[in-house]
Amino acid sequence: MSALKIYNSLSRTKEVFTPITPGYVGMYVCGPTVYSDVHLGNCRTFISFDIIYRYLKYLGYKVRYVRNITDAGHLEGDRDEGDDKFSKKARLEQVEPMEIVQKYTLGFHEVMRLFNNQPPSIEPTATGHISEQIEMVKQILANGYAYEVDGTVYFDVEKYDREKPYGILTNRKMEDLLEGTRELGGQDEKRGRLDFALWIKAKPEHLMQWPSPWGMGFPGWHIECSAMSEKYLGKQFDIHGGGMDLAATHHTNEIAQSQACFHVSPANYWIHTNMLTVNGARMSKSAGNGFLPHELFTGNHPLLEKAYAPMTVRFFMLQTHYRSTLDFSNEALQAAEKGLKRLWDAYEIVESLEYGVQDLVDEALDQKCNDLVTEFDNSMNDDFNTAKVLAAMFELVPVINSFKTQQLSVGNIRPETFERLKQQFRVYLTDIFGLTSVKEGDNGLLDGVLELLIQIRKEARARKDFATSDKIRNELQQKGVILKDNKDGSVTWEVA
RNA sequence: GGUGCUGUGGCCGAGAGGUUAGGCACGGCUCUGCAAAAGCCGAUACACCAGUUCAAAUCUGGUCAGCACCUCCA
């Protein structure tokens, strides 16, 4: 089997993945800021990392997956002043900031559950790690990479850059970065234009504040991830992930903080997932083009023609590589819905098939099946190329369907080939891709009624009373139930 | 302005010097009482202009168009 290769943002190339400790992987992913509902773009990132998490486990690694909840310190504006997002929202809704945090954390978890994302191993919160953040700020100060001005502590970017390249993650030079920022105003406390706050002095009316060596205040946004990743994964760990939008500022600052504090680069592999777009423009909260998951599941959105199941959306995302932008549209979603059904039907068929007696083995067919199944792992090892895995799976669908219709016999391939095909189909679809059945749940009553109708129709057909049989089928179809007459005389039904 | 990325058939999207990606939609055929489903076959392609090469959608240079980040956002 090929070795796992991961595109590393640090080197901008695909690298063979080698964990620090053989057999173990530490992975940190930047989680949501819980001051409002997560939109689909956020979900895409977490679904991408869920697949990565599941695949690493499939490869046999023991994975510690840490994903934080940001519930403090995230400022509204681009300057290190003003309220954080929680305080602002709390004032708006006239509740406690922690009520905001609780509400949207629960909502986030519910959405993750609907998408069948596995929970991370540890989900630490910023407010739960204030002292760790303070300790880190103290150490950075002691190491000389930060300075305090009136209760606020800033990171000295230009000093840091003289020793370590600050813009290493996004390949930017200091001069270019400075060019893109405004001049410091007279009232600015910061020494350098790129300096960012590690700890921020709170105004008396500020709702969320903690005591620190610099007075009452709250942590800057970036320090929480550095402090919590160090606490649970160590000063150096394997993978750090997040959305691409976080690379230039948040992750760049994380690297600088950790280096300044511990003198090592925190993560070996940086993975960045690309954005979800709507009509070619990035989906974002501020642009107002965000889709909420429940709008999608209910179809209650002006741009949606119908509702889409969570699994349809998950599958839709799997059809694109995680580093490509993915454009969101009705057409694409409908195509995904049909494609998933075709694939899932084939999966159910292969699950129900048993290997009987070996027939004359069709060498070309046997080889084709084996090659396509081998493609699954090879494609995933090539930087988690889920789209390519799906292509291989779809190529197996006609083969599987032909086993059912007996246009091909299962005995035409070797028993070990069949078992491997069956197992890998299941493992990939359910364990790695995390897909579940989109069918309606068990409904004994409906089941019984339909069996009766199918029986009456069968009798009508037996006496060639097609008017009656067609009436039953057509009217059921209008009610949303599709009957299918199979070759072997059996009849199956499904909800449209 | 800086840093990157992208431009693939009607739509969505992989791939990456020679070999069918795949899905959806479309056309033909088979099966079927008729359908549906399924199977088989098929058409439509790599933004533009040069260059390298026996061979380029794939490499190089240029042109055009778009996107993202550099400011809160996954």
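The sequence lines fix the lettering, A, B, ..., with proteins before strands; numbering per chain opens at 1. Just so you know, these numbers use all the heavy atoms, side chains as well, and skip hydrogens, waters and symmetry mates.
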Requested in this report: Give one of base, sugar-phosphate or nothing for A:Ser284, where a contact means two heavy atoms less than 4.0 Å apart.
Outcome: base
Report task. Remember a base hit wins even if backbone is also touched, and classify A:His272 as base, sugar-phosphate or nothing at under 4.0 Å, heavy atoms. Result -> nothing
Query raised in the report: Salt bridge or not for A:Glu93 and A:Lys88, using N-O below 4.0 Å?
Result: no
Query raised in the report: Does A:His272 have its ring centroid less than 6.0 Å away from the ring centroid of A:His251?
Result: yes
Query raised in the report: How close or far is atom P of B:A74 from atom CZ of A:Phe291, stated in whole angstroms?
Result: 18 Å
Requested in this report: Provide, to the nearest angstrom, the distance between the CZ atom belonging to A:Arg473 and the P atom belonging to B:A35.
Outcome: 9 Å
Query raised in the report: Taking CZ from A:Arg172 and P from B:G1, how many angstroms apart are they, rounded to a whole number?
Result: 16 Å
Query raised in the report: Rounded to the nearest Å, what distance is computed from the CD1 atom of residue A:Ile482 to the C1' atom of nucleotide B:A36?
Result: 7 Å
**Report entry** Length of the line joining A:Arg457:CZ and B:G33:C1', which is rounded to integer Å
**Finding:** 11 Å
**Report entry** Lys/Arg-Asp/Glu bridge criterion (N-O < 4.0 Å) met for A:Lys341, A:Asp345
**Finding:** yes
**Report entry** A:Asp470/A:Arg457 salt bridge by N-O under 4.0 Å criterion
**Finding:** no
**Report entry** Nearest-Å distance for atom pair CE/P, residues A:Met244 and B:U3
**Finding:** 18 Å
Report task. Classify the ring geometry between A:Phe315 and A:Phe394 as parallel (under 30°), tilted (30 to 60°) or perpendicular (over 60°). Result -> perpendicular
Query raised in the report: Between B:A38 atom P and A:Asn401 atom CG, what is the distance in whole Å?
Result: 7 Å
Query raised in the report: Looking at A:Asp50 and A:Arg54, does any basic side-chain N land under 4.0 Å from a carboxylate oxygen?
Result: yes
Query raised in the report: Quick one: which of B:A68, B:G2, B:A38 gets closest to the side chain of A:Thr405?
Result: B:A38
Query raised in the report: Less than 3.5 Å between a donor and an acceptor, one on the side chain of A:Asp176 and one on the base of B:G1, is that the case here?
Result: no
Query raised in the report: Hey, is A:Glu395 close enough to A:Lys368 for a salt bridge, meaning N to O under 4.0 Å?
Result: no
Requested in this report: May I ask you to say what A:Gly242 touches in the nucleic acid, namely base, sugar-phosphate or nothing, with a heavy-atom cut-off under 4.0 Å?
Outcome: sugar-phosphate
Report task. Please determine, by modelled atom types, if A:Tyr53 and A:Asn117 share a side-chain donor-acceptor pair under 3.5 angstrom. Result -> no
Output one line per pair: protein atom, nucleotide atom from nucleotides 21-32 of chain B, and distance, for all N/O pairs under 3.5 Å.
unit_1	atom_1	unit_2	atom_2	d
B:A25	OP1	A:Lys338	NZ	3.2

**Report entry** Lys/Arg N to Asp/Glu carboxylate O, A:Asp156 vs A:Lys190, below 4.0 Å
**Finding:** no
Report task. Please measure how far the C1' atom in B:C5 lies from the corresponding atom in B:C26, and state the result in whole Å. Result -> 33 Å
Report task. Given side chain to side chain contact (heavy atoms under 4.5 Å, CB included), test A:Lys338 with A:Arg342 step by step and report yes or no. Result -> CA-CA 6 Å; A:Lys338 288 180 183 163; A:Arg342 178 170 157 84; over 6 Å; no
Query raised in the report: Base, sugar-phosphate alone, or nothing: which one does A:Thr492 contact when heavy atoms must sit under 4.0 Å apart?
Result: nothing
Report summary line: When pairs are called at under 3.5 Å and a stem needs at least three consecutive Watson-Crick or G-U pairs, the stems of RNA chain B are B:1-7 with B:64-70, B:10-12 with B:22-24, B:26-30 with B:38-42, B:47-51 with B:59-63
**Report entry** Between B:A16 and B:U20 - C1' atom distance, rounded Å
**Finding:** 16 Å
Report summary line: Testing B:C12, B:A74, B:C72 for proximity to the side chain of A:Lys85, the answer is B:C72
Query raised in the report: A:Leu276 has a side chain; which of B:C70, B:A74, B:A68 sits nearest to it?
Result: B:A74
Query raised in the report: Which whole-number value in Å describes the distance from A:Phe328 CZ to B:C11 C1'?
Result: 16 Å
**Report entry** Distance-only donor-acceptor check, side chains A:Asn253 and A:Gln257, under 3.5 Å
**Finding:** no
Query raised in the report: Taking the same atom, C1', in B:A55 and in B:U3, what whole-Å distance lies between them?
Result: 35 Å
**Report entry** Pair A:Glu158 + A:Arg193: basic N to acidic O under 4.0 Å
**Finding:** no
Using a cutoff of under 3.5 Å, can you pull out all pairs of nitrogen or oxygen atoms linking the protein to nucleotides 4-8 of chain B, with atom names and distances?
unit_1	atom_1	unit_2	atom_2	d
B:G4	OP1	A:Asn171	ND2	2.1

Requested in this report: Take A:Phe466 and A:Asn385, find for each the nucleotide of RNA chain B with the closest heavy atom, and name the residue whose nucleotide sits nearer the 5' end.
Outcome: A:Asn385
Query - Whole-angstrom distance between B:A45 and B:G7, as gauged at atom C1' - result: 13 Å
Query - Flag, side chain of A:Asp238 to backbone of A:Gly26, donor-acceptor distance under 3.5 Å - result: yes
Query raised in the report: Heavy atoms under 4.0 Å, any strand shown: does A:Gly31 hit a base, just sugar-phosphate, or nothing?
Result: sugar-phosphate
Query raised in the report: P atom, B:G22 versus B:A35: distance in rounded Å?
Result: 28 Å
**Report entry** A:Ser329 side-chain N/O to B:C11 phosphate OP1/OP2 under 4.0 Å
**Finding:** no
